[in-house]
A.B. asks: 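Can you read through this structure? Questions will come right after.
Keep in mind it's a predicted model, so treat the numbers as computed, not measured.
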Number of protein chains: 2
Amino acid sequence: MLEHKVKLAIVDDHLIVLEGLQKLLTSAGDIEIAGSFTTGNAFIEFLKSNTVHIVLLDITLPDVNGMDLCREIKKIAPDTHVLGLSNHSERSMIVQMLHNGATGYLLKNVSAEELTQCIHEALNGQVTFSKAVREIMARPSMSELKGVPQLTKREKEILQFIADGKTTSAIAAELFLSPLTVETHRKNLMQKFEVKNVAALIKEAVQRHMI
Amino acid sequence: MLEHKVKLAIVDDHLIVLEGLQKLLTSAGDIEIAGSFTTGNAFIEFLKSNTVHIVLLDITLPDVNGMDLCREIKKIAPDTHVLGLSNHSERSMIVQMLHNGATGYLLKNVSAEELTQCIHEALNGQVTFSKAVREIMARPSMSELKGVPQLTKREKEILQFIADGKTTSAIAAELFLSPLTVETHRKNLMQKFEVKNVAALIKEAVQRHMI
DNA sequence: ATTAAAATCCGGGAAAACCAGTAGTTGAAA
DNA sequence: TTTCAACTACTGGTTTTCCCGGATTTTAAT
């Protein structure tokens with residue numbers, strides 16, 4: 001009977017992925033596709049007047065960030081389970097999604113069987129990951145364990161200038177500061193990233209998409 | 001009649017994408033899915049004994065790089081058209097695919113109509129891009145126009161060490177070289193990247209996935 | 001065998017960064 | 001009002017990088 005089926009929604013910016021997921025899930029008899037959305041806001045509008053048991057949620061969306069959207073979904077519909085479904089494989093992304101209320105996380109290389117299984121586990125309230133995500137979670141890198149350094153507004157500004165190749169005195173002139181002030185900010189940045197020079201600083205910052 | 005249909009293959013590591021593309025293309029009556037492959041080698045084996053008029057080819061595959069695969073496909077089957085279909089939106093990637101023999105390039109946010117249209121244009125021998133790719137090609141950034149610097153083996157090695165935060169004298173000790181040698185390599189690296197200091201060098205290198 | 005590229009090393013100097021602290025002011029939070 | 005964080009600036013020094021050339025040797029390509 002229809003009311004016993006799982007109402008599932010899909011939010012992804014790629015039509016190809018929407019079609020593929022629908023095809024994969026249609027053969028799972030107990031899942032009903034409640035809707036497919038290419039933007040976060042379209043889904044939020046839908047959610048306000050429809051019941052969705054579980055949503056497959058991409059992180060990269062054209063209008064909002066999937067992580068922020070996750071938080072918003074949980075506000076509007078706390079009983080709706082959210083499964084992240086993305087190509088982003090960084091542990092920090094995965095953890096952030098869970099922190100924002102997601103019940104699980106899958107990479108897009110998930111198999112059909114796994115997808116269905118994860119959906120059911122999530123509906124049972126189990127935190128669930130696809131195999132590839134479990135492997136990532138099982139061996140975190142040092143930088144992932146450390147977390148992302150929290151920078152002040154000025155530090156971010158200085159960091160951007162440094163990455164653009166500007167010297168301390170050039171930055172000072174541009175921001176109407178003393179070069180000694182800029183030096184202090186550099187020192188603080190290097191302490192936060194636990195590095196000893198600018199090369200390592202910029203590498204870490206770029207790899208964490210802070211620049 | 002069957003023999004008048006376009007024989008199309010799909011190579012993508014994501015099952016979801018394979019299913020989605022098949023669903024989208026099945027409704028286009030004149031296209032026949034000759035096969036779907038999640039690895040480059042599987043497709044190459046197939047291609048050796050089957051006719052494929054056109055292939056939709058992802059760049060990120062588990063066993064080979066899609067760009068190298070493109071070149072190999074054109075060697076084995078010069079008449080097979082290759083359309084890149086990827087999330088990679090860097091102009092350098094697009095140009096490299098064309099350089100390796102692709103007839104066109106689409107981003108995965110392509111619409112169903114566009115997909116079909118691009119397939120037909122490619123079959124007509126026209127270099128074709130999805131709308132999003134045309135926009136990218138219409139306004140290249142300075143760094144994209146410059147191309148990726150070609151580094152020697154030693155330069156790559158030195159660059160990696162620099163990015164790891166090592167000083168010139170530390171690198172020299174590790175490689176059993178004179179610090180002056182390392183200095184010269186640094187100088188050459190900065191000339192190739194057209195930057196003035198290590199911060200800008202590392203930023204460029206990381207952003208181009210050279211580190 | 002010849003040529004070209006890569007790799008090596010150097011002089012001399014100036015500029016810039018890094019180090020390890022210290023301290024005052026301002027604005028936001030409690 | 002008080003406390004705290006952010007931002008500011010400084011001392012005195014050392015280390016490192018960048019600059020602008022130049023040159024020889026080794027390896028790879030022709």
A.B. asks: Tell me the interatomic distance from B:Leu189, atom CG, to D:dC19, atom P, rounded to whole angstroms.
C.D. replies: 13 Å
A.B. asks: Give the rounded distance in Å between these two atoms: CD of B:Gln191 and P of C:dA6.
C.D. replies: 13 Å
A.B. asks: Please report the distance, rounded to the nearest Å, between CD1 in B:Ile158 and P in D:dT17.
C.D. replies: 12 Å
A.B. asks: Ignoring backbone atoms, test whether A:Thr181 places a side-chain nitrogen or oxygen under 4.0 Å from the OP1 or OP2 oxygen of D:dT8.
C.D. replies: no
A.B. asks: Counting only side-chain heavy atoms from C-beta out, which of D:dC19, C:dC18, C:dA7 sits nearest to A:Met190?
C.D. replies: C:dC18
A.B. asks: B:Glu155 and side chain to side chain donor-acceptor pair (under 3.5 Å): which partner among B:Gln160, B:Gln150, B:Lys192?
C.D. replies: B:Lys192
A.B. asks: For the residue pair B:Lys7 and B:Ala34, what are the closest heavy atoms and their distance?
C.D. replies: CB-CB, 4.3 Å
A.B. asks: If you compare every side-chain N and O of A:Thr168 against the phosphate oxygens of C:dA16 (OP1, OP2), does one of them come in below 4.0 Å?
C.D. replies: no
A.B. asks: For the pair made of CZ in A:Phe193 and C1' in C:dC18, what is the distance, rounded to whole Å?
C.D. replies: 17 Å
A.B. asks: Just so I know, are the side chains of B:Ile119 and B:Leu25 near enough to count as touching, which here means a heavy-atom distance under 4.5 Å?
C.D. replies: yes
A.B. asks: Quickly work out the A:Arg186 CZ to D:dA9 C1' distance and round it to whole Å.
C.D. replies: 16 Å
A.B. asks: Rounded to whole angstroms, how far apart are CD on A:Gln150 and P on D:dC7?
C.D. replies: 13 Å
A.B. asks: With nearest nucleotides of DNA chain C determined for B:Glu155 and A:Thr184 from heavy-atom distances, which residue corresponds to the more 5′ nucleotide?
C.D. replies: B:Glu155
A.B. asks: Roughly how far, to the nearest 0.5 Å, is the CD1 atom of B:Ile76 from the NZ atom of B:Lys48?
C.D. replies: 5.5 Å
A.B. asks: Is it true that A:Glu114 and A:Ser130 share a donor-acceptor pair across their side chains at a distance under 3.5 Å?
C.D. replies: no
A.B. asks: Whole angstroms only, please: what is the CZ-P distance between B:Arg154 and D:dA28?
C.D. replies: 13 Å
A.B. asks: For the side chain of A:Leu180, starting at C-beta, report the closest nucleotide among D:dC7, D:dC19, D:dC10.
C.D. replies: D:dC10
A.B. asks: Tell me which nucleotide among D:dC18, C:dT8, D:dC7 gets nearest to the side chain of B:Val198.
C.D. replies: D:dC18
A.B. asks: What contact category does A:Lys187 fall into here, base, sugar-phosphate, or nothing, at under 4.0 angstrom with non-hydrogen atoms?
C.D. replies: base
A.B. asks: What nucleotide among C:dA16, C:dA7, C:dC10 has an atom nearest to a side-chain atom of A:Thr167?
C.D. replies: C:dA16
A.B. asks: Need to verify one output field. Residue with the more 5' nearest nucleotide on DNA chain C, A:Glu183 or B:Leu177?
C.D. replies: B:Leu177
A.B. asks: Please report the distance, rounded to the nearest Å, between CG in A:Asn188 and P in C:dA17.
C.D. replies: 16 Å
A.B. asks: Once you apply a heavy-atom cut-off of 4.0 Å, does B:Ser178 come out as touching a base, just sugar-phosphate, or nothing?
C.D. replies: sugar-phosphate
A.B. asks: Taking 4.0 Å as the cut-off, does a side-chain nitrogen or oxygen of B:His185 come that near to OP1 or OP2 on C:dA7?
C.D. replies: no
